[in-house]
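One structure is given here, and the rest of the page talks about it.
As the structure is a prediction and not an experimental result, all values here were calculated from the model. In the text below, chain A, chain B and the rest are named by the order of the sequence lines, each starting its count at 1.
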Amino acid sequence: MKILVTVKQVPDTATKIQIRADGQGIQEDGIKWVINPYDEFAIEEALRIKEKQGGEVVIVALGPSRVEEAVRQSLAMGADRAVVISTDAAVDPAAAATALAAVCGEEGFDLILTGKQAVDDDSAQVGPMIAANLGLPQVTVVLKLEVDEAGHRLRAERELEGATEIVELPYPAVVTAQRGLNEPRYPTLPNIMKAKKKEVRRVSMDSLSLALDPRVTVNRLFAPPERPEPTILSGEPEETAKELVRLLHSEAKVL
Amino acid sequence: MAKGVLVIFDQNNGEIRHVVLEMLTVARSLGDGPVTALTFGKDARNTLAKLAEYGAEQVLFWDGDAYARYSSDGFAAAIAEAVPELGPDVILFPATAWGKDLSARLAGVLKAGLATDCLHLEAGEDGRVKAVRPVYAGKALAEVTVNTPVQMFSLRPNVNAAVPAPATPEILNIAPAVDSAAFQAVVVERNEAQGGVLELTEADIIVSGGRGIKAPENFKLLDDMAQALGAAVGSSRPVADEGWVPHSYHIGQTGKVVSPTVYFAVGISGAIQHLAGISGSKYIVAINSDPEAPIFKVANYGIVGDLFQVVPRLTEEIKTVKAQQ
Ligand SMILES: Cc1cc2nc3c(=O)[nH]c(=O)nc-3n(C[C@H](O)[C@H](O)[C@H](O)COP(=O)(O)OP(=O)(O)OC[C@H]3O[C@@H](n4cnc5c(N)ncnc54)[C@H](O)[C@@H]3O)c2cc1C
Ligand SMILES: Nc1ncnc2c1ncn2[C@@H]1O[C@H](COP(=O)(O)O)[C@@H](O)[C@H]1O
């Protein structure tokens with residue numbers, strides 16, 4: 001099976017976000033960049049399928065030159081090679097999906113795995129939009145994936161609020177990974193060395209000649225409202241428990 | 001250009017989620033022409049009374065066999081087929097797993113812009129809706145507009161009020177003919193969580209436990225407190241990773257994002273990834289033995305103390321207050 005995995009580079013989840021003075025983005029200096037956590041599950045799943053059934057795992061990433069680092073890490077986990085769509089422009093999810101779909105279509109594949117969402121823009125759109133672009137079925141927020149090679153079908157368990165469901169679909173298809181799908185491996189030292197020699201093909205976004213007008217415009221970023229000064233109680237448990245319940249009942253009026 | 005707001009959602013045995021009522025209220029507030037509700041499946045018509053109560057002016061029930069089982073590609077193709085005839089310039093979805101799956105697919109098919117998980121929508125100038133949505137897991141907010149003729153949004157549950165405004169909906173008879181080959185990904189089985197478990201993303205009160213709980217059996221303390229409050233139970237990530245509670249309990253940047261009225265963080269330190277999931281809570285109440293724990297910096301109320309001493313007493317006090325009501 002030939003599996004493509006889309007990988008986005010995002011700020012580490014422990015990063016404190018500082019909004020630029022012009023409100024048009026975040027301050028990027030000092031940020032530690034990592035592979036989007038959900039994309040790690042996607043990579044791991046692709047590797048496991050390959051280990052079982054043979055084939056190839058190709059990473060597809062889009063972004064500025066710094067994404068090379070995330071790509072090398074993905075290769076160090078065990079992916080075979082990578083394609084990077086390079087651009088310095090901020091792209092909205094639709095534009096990212098259009099460009100990624102174009103490159104995926106050119107590459108050819110049996111399966112595309114993406115994360116369920118990127119933890120920077122939190123859009124949860126790019127996977128389904130790639131699928132729609134390529135006219136393929138999709139299954140999102142996947143906790144468990146079975147590949148039936150003989151029947152050329154997938155069986156996926158996906159997570160909903162208060163329920164899970166089983167979805168069956170033919171492949172080629174797009175599958176988006178949820179936490180719980182697997183436990184991503186750490187790159188081993190030999191694999192980190194090997195990754196340095198693996199092929200990374202660069203395609204400039206402009207050379208794709210796609211119409212990529214943003215469908216969503218971010219007018220401004222702003223800080224969430226400050227939380228009010230807290231009331232902190234300490235002392236005997238009997239007293240503090242009683243006082244807290246009183247405050248919640250009489251002051252906040254939520255009990 | 002045509003006008004109107006199309007509100008699309010799922011139903012289960014004729015029951016709809018509270019977020020649907022919130023969506024209808026928001027749809028009305030946009031003052032953008034008729035509010036049309038669309039839902040699917042065999043019991044779709046049983047939702048009519050609720051939709052009428054919350055001001056749907058037109059309803060579509062796609063309850064034929066093709067819509068008995070959810071199919072992302074099939075449903076999106078059918079909606080895309082009907083959109084030109086319905087002519088909405090705004091489409092709303094719930095920001096649930098179902099809504100995110102279908103809205104993103106539909107946006108792809110319609111080549112429309114979509115803003116995910118919006119907190120607020122407001123009619124802006126020149127017919128563009130101004131939306132506010134969290135980014136970086138709520139560490140920042142973004143004001144966005146959608147530039148395409150059809151503007152799509154998904155709405156986060158539990159943030160907007162649901163206000164009744166009775167109407168007499170017209171039942172529209174628009175049923176697109178979609179080739180059954182478009183229904184490739186099909187749900188073949190659905191398993192509900194065990195009865196009685198309140199869904200975190202919709203809960204009004206949440207009692208959540210972290211590593212301070214020490215052992216799985218001690219979650220009983222939180223279950224008791226939650227029961228006294230009519231609350232849902234959640235957890236930090238390590239506790240779910242340990243298997244003390246199911247993964248569905250895990251709250252935070254890589255877990256559920258919740259927006260209850262009251263969030264009790266018990267034995268949770270308040271790591272930035274955890275805070276990302278709870279910043280939409282109206283009140284945060286922290287119980288922690290470490291006065292320096294970061295959770296106290298975001299809490300409205302807190303008790304510095306041993307949770308094993310404090311929680312049982314809280315439960316008793318809550319029962320006393322409830323009994324007086
Ligand atoms: C990529 C990534 C994503 C992550 N995503 C998430 C996420 O979505 N959600 C999440 O929660 N975490 C997430 N984490 C983990 C996060 O960084 C923290 O490790 C985690 O939230 C800590 O959990 P905790 O507060 O339960 O445990 P701890 O940090 O160990 O805190 C336990 C607390 O209990 C208190 N305590 C101990 N005994 C008692 C007692 N007897 N009475 C009262 N208080 C007591 C302690 O003072 C301490 O504050 C993520 C981490 C990474 C790297
Ligand atoms: N710039 C990008 N490069 C590679 N993959 C991306 C990019 N943007 C989004 N994706 C993929 O799409 C998923 C969902 O992203 P999003 O829709 O932005 O939340 C991510 O987990 C990635 O797998």
Side-chain angles (χ1 to χ4, degrees), chain A residues 13-14 17 19 26 37 94 97 119-125 128-129 131-133 137-141 159-170 179-180 214-224 227-228 230-234 237-238 240-242 244-245 247-249 252 254-255, chain B residues 72-73 96-98 100-101 104-105 107-109 112-117 134-148 184-193 199 201 247 253-254 261-262 272-273 279 283 296 298-305 309-310 313-314 317-318 321:
Chain A
T13 55
I17 296 299
I19 298 163
I26 60 162
V119 303
D120 52 0
D121 66 18
D122 289 321
S123 285
Q125 294 182 20
M129 280 185 174
N133 254 296
Q138 74 190 45
V139 55
T140 58
V141 208
E159 186 177 67
L160 305 174
E161 292 75 13
T164 57
E165 59 188 21
I166 309 285
V167 177
E168 289 185 356
L169 61 162
R179 194 186 153 74
R215 295 182 197 158
V216 178
T217 302
V218 177
N219 302 323
R220 64 185 179 105
L221 293 184
F222 57 102
R227 298 201 72 93
T231 305
I232 307 292
L233 312 168
S234 53
E238 284 84 6
T240 54
K242 203 176 191 120
L244 176 63
V245 172
L247 287 167
L248 291 173
H249 180 63
V254 290
L255 287 190
Chain B
S72 47
D73 46 344
T96 55
W98 183 92
K100 287 180 179 170
D101 186 62
R105 174 125 198 146
V109 174
L114 165 66
T116 307
D117 208 18
V135 288
Y136 300 99
K139 293 176 207 164
L141 299 176
E143 185 201 285
V144 305
T145 41
V146 176
N147 308 318
T148 48
Q184 292 197 73
V186 179
V187 173
V188 295
E189 208 179 301
R190 186 183 157 100
N191 302 302
E192 306 293 330
E199 166 51 31
T201 51
H247 254 299
Q253 180 151 17
T254 51
T261 306
V262 192
I272 190 165
Q273 295 98 346
S279 59
Y283 290 94
F296 286 120
V298 299
N300 300 74
Y301 299 105
I303 293 181
V304 179
Q309 303 282 321
V310 173
R313 292 182 168 90
L314 272 179
E317 288 296 328
I318 291 161
V321 169

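Minimum heavy-atom separation, B:Arg313 to A:Ala241: CB-CB, 3.8 Å. Heavy-atom minimum distance, A:Met129 versus B:Ala112: CE-O, 4.3 Å. Between B:Lys139 and A:Pro224, the closest heavy-atom pair is O-CD, 3.4 Å. The minimum heavy-atom distance linking A:Pro237 with B:Gln309 is given by the pair CG-CB, 3.7 Å. Between A:Gly162 and B:Glu199, the shortest heavy-atom distance links the atoms N-OE1, 3.1 Å. Across all their heavy atoms, A:Asp122 and B:Ala137 have their closest contact at OD2-N, 2.8 Å.
Residues passing the side-chain contact (heavy atoms from CB on, under 4.5 Å) test with A:Val254, sequence neighbours excluded: A:Leu248, A:Ala252, B:Thr261, B:Val262, B:Tyr283. Residues satisfying the side-chain contact (heavy atoms from CB on, under 4.5 Å) test with B:Val188, not counting sequence neighbours, are A:Arg155, A:Ile166, A:Glu168, B:Arg69.
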- Message: B:Gln253 vs A:Val119, test: side-chain contact (heavy atoms from CB on, under 4.5 Å). Steps then yes/no.
- Response: CA-CA 8 Å; B:Gln253 180 151 17; A:Val119 303; 3.6 Å; yes
- Chi angles and distances behind the side-chain contact (heavy atoms from CB on, under 4.5 Å) call for A:Leu160, B:Arg190: CA-CA 10 Å; A:Leu160 305 174; B:Arg190 186 183 157 100; 3.3 Å; yes
- Item | Worked check of side-chain contact (heavy atoms from CB on, under 4.5 Å) between B:Val135 and A:Leu221 | CA-CA 9 Å; B:Val135 288; A:Leu221 293 184; 3.9 Å; yes
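There is no contact between A:Ala94 and chain B, counting heavy-atom distances below 4.5 Å. For B:Thr148, the parts sitting under 4.5 Å from any heavy atom of chain A are the backbone and the side chain alike. Residue contact with chain A, scored on non-hydrogen atoms closer than 4.5 Å, involves the backbone and the side chain of B:Asp101 alike. In this structure, chain B has a heavy atom under 4.5 Å from the side chain of A:Arg227, while its backbone stays farther away. Only the side chain of A:Ile19 comes within less than 4.5 Å of a heavy atom in chain B; its backbone stays farther off. Only the side chain of A:Leu244 has a heavy atom closer than 4.5 Å to any heavy atom of chain B. Contact annotation for B:Val321: only side-chain heavy atoms (C-beta onward) come within less than 4.5 Å of a heavy atom of chain A. Heavy-atom distances place the side chain of B:Asp73, and not its backbone, under 4.5 Å from chain A.
Note: B:Leu141 leads B:Val144, B:Leu141, B:Ile272, B:Asn191 in heavy-atom pairs under 4.5 Å with chain A. For the options B:Val109, B:Asp117, B:Val298, heavy-atom pairs under 4.5 Å to chain A are most numerous at B:Val298. If you tally non-hydrogen atom pairs under 4.5 Å between each of A:Gln138, A:Lys242, A:Arg220, A:His249 and chain B, the highest count goes to A:Gln138. Interface check for chain A: of the options B:Thr145, B:Val310, B:Val146, the most heavy-atom pairs under 4.5 Å are formed by B:Thr145. With respect to chain B, the highest number of heavy-atom pairs below 4.5 Å among A:Asn133, A:Thr240, A:Leu255, A:Thr164 belongs to A:Thr164. By number of non-hydrogen pairs under 4.5 angstrom with chain B, the leading residue of A:Val216, A:Thr13, A:Thr140, A:Ile17 is A:Thr13. In terms of non-hydrogen atom pairs under 4.5 Å with chain B, the most contact-rich of A:Gly180, A:Ala14, A:Ala124 is A:Ala14. Interface summary for chain B: among A:Val218, A:Val245, A:Leu169, A:Asn219, the most heavy-atom pairs under 4.5 angstrom belong to A:Asn219.
Side-chain contact check for A:Val139 versus B:Ser72: every heavy-atom pair is 4.5 Å or farther apart.
Taking CD of A:Glu161 as the reference point, atom OG1 of B:Thr201 lies at 4.5 Å (rounded to 0.5 Å). Remark: A:Leu247 CG to B:Ile303 CD1 distance equals 9.5 Å, nearest 0.5 Å. The structure places OH of B:Tyr301 at 11.0 Å from CD1 of A:Ile232, a figure rounded to the nearest 0.5 Å. Interatomic distance, A:Thr217 OG1 to B:Asn147 CG, rounded to the nearest 0.5 Å: 3.5 Å. B:Glu192 CD to A:Glu165 CD: the interatomic distance, rounded to the nearest 0.5 Å, is 9.5 Å.
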